[in-house]
Chemist: 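One structure coming up, written as structure tokens, with questions to follow.
Chain letters run A, B, ... following the sequence lines, proteins first and then strands; every chain starts at 1. These numbers come from a predicted model, not from an experiment.
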Protein chains: 2
Amino acid sequence: MTIYEVARRAGVSIATVSRAMRDSDLVTAETRARVRAAAQELDFTPSRLGRSLAEGQHAANGIVFPDLVGPYYAEVVLGYEEVAAELGRSVLILATHGRRDAAAQVLDLANRVDGMVIMGRTVGDDVVERIAATGPPLVLLARDPVSTVDTIRTDNERSARELAEHLLAHGHRRFAFLGDPDDSPDVAGRYAGFAAGLRAAGVPVPAPVRCAFNLDAGREAASGLLRRRTRPQAVVCANDEVALGVHTAATEAGLSIPDDLAITGWDDVMAAGFAGLTTVRQPMRELGATAARWLHDRITEPSRDRTPVRRQVLPTQLTVRRSCGPHTGR
Amino acid sequence: MTIYEVARRAGVSIATVSRAMRDSDLVTAETRARVRAAAQELDFTPSRLGRSLAEGQHAANGIVFPDLVGPYYAEVVLGYEEVAAELGRSVLILATHGRRDAAAQVLDLANRVDGMVIMGRTVGDDVVERIAATGPPLVLLARDPVSTVDTIRTDNERSARELAEHLLAHGHRRFAFLGDPDDSPDVAGRYAGFAAGLRAAGVPVPAPVRCAFNLDAGREAASGLLRRRTRPQAVVCANDEVALGVHTAATEAGLSIPDDLAITGWDDVMAAGFAGLTTVRQPMRELGATAARWLHDRITEPSRDRTPVRRQVLPTQLTVRRSCGPHTGR
DNA sequence: CTGAAAGCGCTAACAG
DNA sequence: CTGTTAGCGCTTTCAG
């Protein structure tokens with residue numbers, strides 16, 4: 001079912017069918033009606049491929065992330081998809097799963113979309129720069145800026161520092177940090193802010209205890225930590241899953257939280273509420289939604305690169321619960 | 001940067017470039033090398049659009065779901081994407097968000113992919129049938145079969161019945177069911193199995209208390225329920241979010257769980273473990289992964305529809321924790 | 001307002 | 001093995 005058959009049936013040229021299908025005002029209402037009727041009868045839908053090739057537009061956006069485990073990426077993707085859909089664009093997803101050969105897949109994706117966002121440490125800067133140079137518009141999300149690419153992130157340093165100060169106010173002095181700063185720019189920022197907070201108070205900054213982003217990794221790392229001769233008083237974790245792993249390990253070790261051990265996480269996942277975990281909330285959907293809007297601007301702007309580079313850091317919110325230490329008063 | 005410029009630079013025809021780029025064995029190793037070198041220098045990547053139009057293949061799959069709230073859909077999508085990527089296919093996502101006009105978007109998606117999965121109650125059977133008739137291969141996921149479309153689901157009836165029996169064994173006799181059977185085929189199945197379990201024991205089957213799939217809805221519905229003169233002894237919820245909402249409401253009302261009120265959920269989300277919630281676990285990734293494999297089979301099979309209709313129901317697992325009632329022994 | 005015709009970038013017969 | 005030449009399905013000048 002192609003435009004030709006509709007044209008024949010309606011007794012017009014394919015150009016007219018094309019116009020009628022897109023409500024161009026270069027056709028009489030009457031002609032349009034006749035064409036649409038024919039299209040209806042033949043159950044014709046213009047081929048996206050044909051149209052895209054001719055227009056040089058995919059009407060699609062891409063997004064690259066490590067995976068969808070935990071609510072963080074899922075929420076970002078959701079915010080992105082929602083706005084993209086409103087703007088009439090489909091969304092292509094690509095999970096790198098930490099694969100080595102992710103670059104090739106990302107490059108392939110760049111070839112299928114009019115714009116794309118690249119999250120965190122999914123691929124190297126070389127790939128980003130290559131796409132920035134010859135590919136579609138890009139937005140970097142939760143990742144350090146590269147050359148002149150638009151970048152959107154949430155604040156990590158400041159909240160982490162605030163968190164450190166809060167813990168210090170509880171009287172804690174021996175700390176541990178769980179998470180791998182080399183794993184993602186977010187973790188690096190959180191560790192940096194945490195370290196800055198301790199340093200300002202003259203408290204020794206521990207080296208990070210590197211572990212993956214999941215409950216089991218946190219649990220395992222913690223069980224080692226808790227066996228040390230001098231146990232930390234407070235464990236700051238790179239995210240909630242890790243923190244909940246520590247929570248589990250501590251409980252198993254017969255420790256009571258927060259009296260024997262204070263714990264904090266990041267993200268405020270649903271389980272954090274039920275575990276009474278102090279954490280930091282960040283505007284995940286807004287992150288994705290903003291990226292989608294920025295991309296749309298770049299894609300539709302008349303002269304590429306007219307808009308200056310955009311950089312934004314969204315604020316986060318410290319959410320204090322009982323896991324960080326006893327709170328007196330209300 | 002097109003195939004023509006590479007051809008000129010390498011001193012060959014575009015056909016040869018095409019062959020060299022795809023490692024056809026219809027080119028000398030030497031020619032291939034020369035072409036690839038030229039391509040490299042010019043930073044040429046074959047256009048996906050051009051290729052797709054010529055091949056009549058998108059090398060992409062689609063997936064339609066209501067949203068990504070909660071781990072369920074995210075996990076299914078992840079399993080789907082992972083397998084699709086391994087099979088060399090990109091993935092297009094479409095979240096319907098319960099919109100009325102989802103049909104048009106789904107139809108549009110069908111025009112961009114070689115195969116797609118449609119989950120739950122995102123669009124009506126008419127849309128499914130229309131795509132089945134003229135569109136790419138389809139797999140229905142967590143949804144009742146439609147005509148001869150492949151369908152994969154997890155078991156709901158049986159597990160729900162098992163769950164009812166377990167609760168009956170605890171001595172509970174006054175039940176409530178939270179969730180809307182009209183909302184999704186899954187909920188319908190769960191309610192049906194639950195009802196069957198009670199009926200078999202001669203226990204009155206309550207009408208479902210309809211509520212949305214989230215914590216607040218569960219909490220609100222429960223607070224009404226708990227104010228009735230005869231409070232139920234056990235509340236069976238359509239999923240964990242709802243159950244955790246009930247949990248919250250009950251705790252707020254000063255009830256102790258499970259002594260004053262037993263609660264069960266579905267999905268085994270992370271918070272369920274921390275809340276001690278009895279629930280039912282289902283193989284979410286496997287659901288998506290299987291759908292991706294089935295689609296690939298259909299897409300690549302020589303004569304369309306040679307494979308008979310596939311229907312599969314994956315088993316689930318009752319996960320008993322403390323929220324359903326006191327367990328003696330180990 | 002409508003039609004003819006030239007692409008968009010690539011693949012795949014079909015000849016050599 | 002390599003080149004020529006049709007398309008794939010649609011949009012868009014350019015004439016009329």
Chemist: Hey, which of these two, Tyr4(A) or Ser13(A), hits DNA chain C nearer its 5' end, going by closest nucleotide?
Modeler: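 Its nucleotide being nearer the 5' end, the pick is Ser13(A).
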
Chemist: At a heavy-atom distance below 4.0 Å, which nucleotide of DNA chain C is the first touched by chain A, and which is the last?
Modeler: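 Contact span on the strand: dC1(C) to dG9(C).
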
Chemist: Hydrogens and angles aside, do Thr307(A) and Glu301(A) bring a side-chain donor and acceptor to less than 3.5 Å of each other?
Modeler: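 Judged by distance alone, the side chains do pair up.
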
Chemist: Could you pull out all residues at least two apart from Asp180(A) that satisfy salt bridge (charged side-chain N to carboxylate O under 4.0 Å, His left out)?
Modeler: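 Once residues adjacent in sequence are excluded, the partners of Asp180(A) under the salt bridge (charged side-chain N to carboxylate O under 4.0 Å, His left out) criterion are Arg210(A).
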
Chemist: Verify, without hydrogens or angle tests, whether Thr16(B) (side chain) and Val12(B) (backbone) share a donor-acceptor contact under 3.5 angstrom.
Modeler: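 No, the answer is negative, given that no donor and acceptor are paired below the 3.5 Å cut-off.
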
Chemist: Without decimals, in angstroms, what is the distance between Arg32(B) CZ and dC1(D) C1'?
Modeler: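 Atom-to-atom, Arg32(B) to dC1(D), this comes out as 12 Å.
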
Chemist: I'd like to check the side chain to side chain donor-acceptor pair (under 3.5 Å) partners of Asp43(B); sequence neighbours left out, ordered by chain and number.
Modeler: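 With neighbours one apart ignored, the set is Arg130(A).
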
Chemist: Examine distances only and state if a side-chain atom of Asp114(A) and a backbone atom of Asn61(A) form a donor-acceptor pair shorter than 3.5 Å.
Modeler: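 Answer holds: no.
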
Chemist: So, OP1 or OP2 of dC10(D): does either fall under 4.0 Å of a side-chain N or O from Ser52(A)?
Modeler: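 Result: no.
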
Chemist: How would you list, by chain and number, every residue that makes a side chain to side chain donor-acceptor pair (under 3.5 Å) with Arg22(B), sequence neighbours excluded?
Modeler: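 Side chain to side chain donor-acceptor pair (under 3.5 Å) list for Arg22(B), sorted by chain: Ser18(B).
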
Chemist: What residues, two or more places apart in sequence or in another chain, satisfy salt bridge (charged side-chain N to carboxylate O under 4.0 Å, His left out) together with Glu41(A)?
Modeler: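 Checked Glu41(A) against salt bridge (charged side-chain N to carboxylate O under 4.0 Å, His left out); matches are Arg9(A).
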
Chemist: Can you name the side chain to side chain donor-acceptor pair (under 3.5 Å) partners of Arg34(A), sequence neighbours left out?
Modeler: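 Checked Arg34(A) against side chain to side chain donor-acceptor pair (under 3.5 Å); zero matches.
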
Chemist: Examine dC8(D): is either OP1 or OP2 under 4.0 Å from a nitrogen or oxygen in the side chain of Ser47(A)? Give yes or no.
Modeler: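 Answer no for this pair, as no side-chain N or O of Ser47(A) is under 4.0 Å from OP1 or OP2.
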
Chemist: Between Thr28(A) and Ile14(A), which has a closest nucleotide on DNA chain C that is more 5'?
Modeler: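 First, find each residue's nearest nucleotide; the 5'-ward one identifies Thr28(A).
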
Chemist: Tell me every residue that passes salt bridge (charged side-chain N to carboxylate O under 4.0 Å, His left out) with Arg8(B), counting only those two or more places apart in sequence or in another chain.
Modeler: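 Counting only residues at least two positions away or on another chain, Arg8(B) forms no salt bridge (charged side-chain N to carboxylate O under 4.0 Å, His left out).
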
Chemist: Taking atom P of dG3(D) as reference, at what distance in whole Å does atom CD1 of Ile3(B) sit?
Modeler: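 Nearest whole value for this atom pair: 12 Å.
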
Chemist: What is the separation between atom CZ on Arg22(A) and atom P on dG9(D), rounded to the nearest whole Å?
Modeler: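 So the two atoms are 17 Å apart, to the nearest Å.
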
Chemist: Please write out the pairs of protein N or O atoms and N or O atoms of nucleotides 13-16 of chain D separated by less than 3.5 Å, giving the distance to one decimal.
Modeler:
residue : atom : partner  : partner atom : Å
dT13(D) : O4   : Arg19(A) : NH2          : 3.3

Chemist: Would you kindly compare Leu53(B) and Gly11(B) by the position of their nearest DNA chain D nucleotide and give the one closer to the 5′ end?
Modeler: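 Result: Gly11(B).
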
Chemist: So Val12(B), base contact, sugar-phosphate only, or nothing? Heavy-atom distance under 4.0 Å.
Modeler: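 It contacts sugar-phosphate atoms only.
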
Chemist: Give me the bend of the helix from dC1(C)-dG16(D) to dG16(C)-dC1(D), using the axes of the five pairs at each end, rounded to 10°.
Modeler: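 What I find for the helix from dC1(C)-dG16(D) to dG16(C)-dC1(D) is an axis angle of 40°.
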
Chemist: Please tell me if Thr2(A) has a side-chain N or O lying less than 4.0 Å from either OP1 or OP2 of dG9(D).
Modeler: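 False: Thr2(A) side-chain N/O out of range (4.0 Å or more) of dG9(D) OP1/OP2.
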
Chemist: Considering just the side-chain nitrogens and oxygens of Arg51(A), establish if one lies under 4.0 Å of OP1 or OP2 belonging to dG9(D).
Modeler: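 So the side-chain polar atoms of Arg51(A) never come under 4.0 Å of the phosphate oxygens OP1 or OP2 of dG9(D).
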
Chemist: For Asp25(B) and dT2(D), give me the distance from atom CG to atom C1', rounded to whole Å.
Modeler: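 It works out to 14 Å between those atoms.
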
Chemist: According to side chain to side chain donor-acceptor pair (under 3.5 Å), who are the partners of Asp125(B), at least two apart in sequence or on a separate chain?
Modeler: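 Only Arg143(B) meet the side chain to side chain donor-acceptor pair (under 3.5 Å) criterion with Asp125(B).
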
Chemist: What pairs with Arg285(B) under salt bridge (charged side-chain N to carboxylate O under 4.0 Å, His left out), at least two apart in sequence or on another chain?
Modeler: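 Here the qualifying residues are Glu75(B).
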
Chemist: What donor-acceptor contacts under 3.5 angstrom involve side-chain atoms of residues 47-58 of chain A, with partners at least two apart or in another chain?
Modeler:
residue  : atom : partner   : partner atom : Å
Ser47(A) : OG   : Leu49(A)  : N            : 3.2
Ser47(A) : OG   : Gly50(A)  : N            : 3.0
Arg48(A) : NE   : Ser52(A)  : OG           : 3.4
Ser52(A) : OG   : Arg48(A)  : O            : 3.0
Ser52(A) : OG   : Gln57(A)  : O            : 2.8
His58(A) : ND1  : Arg112(A) : O            : 3.1

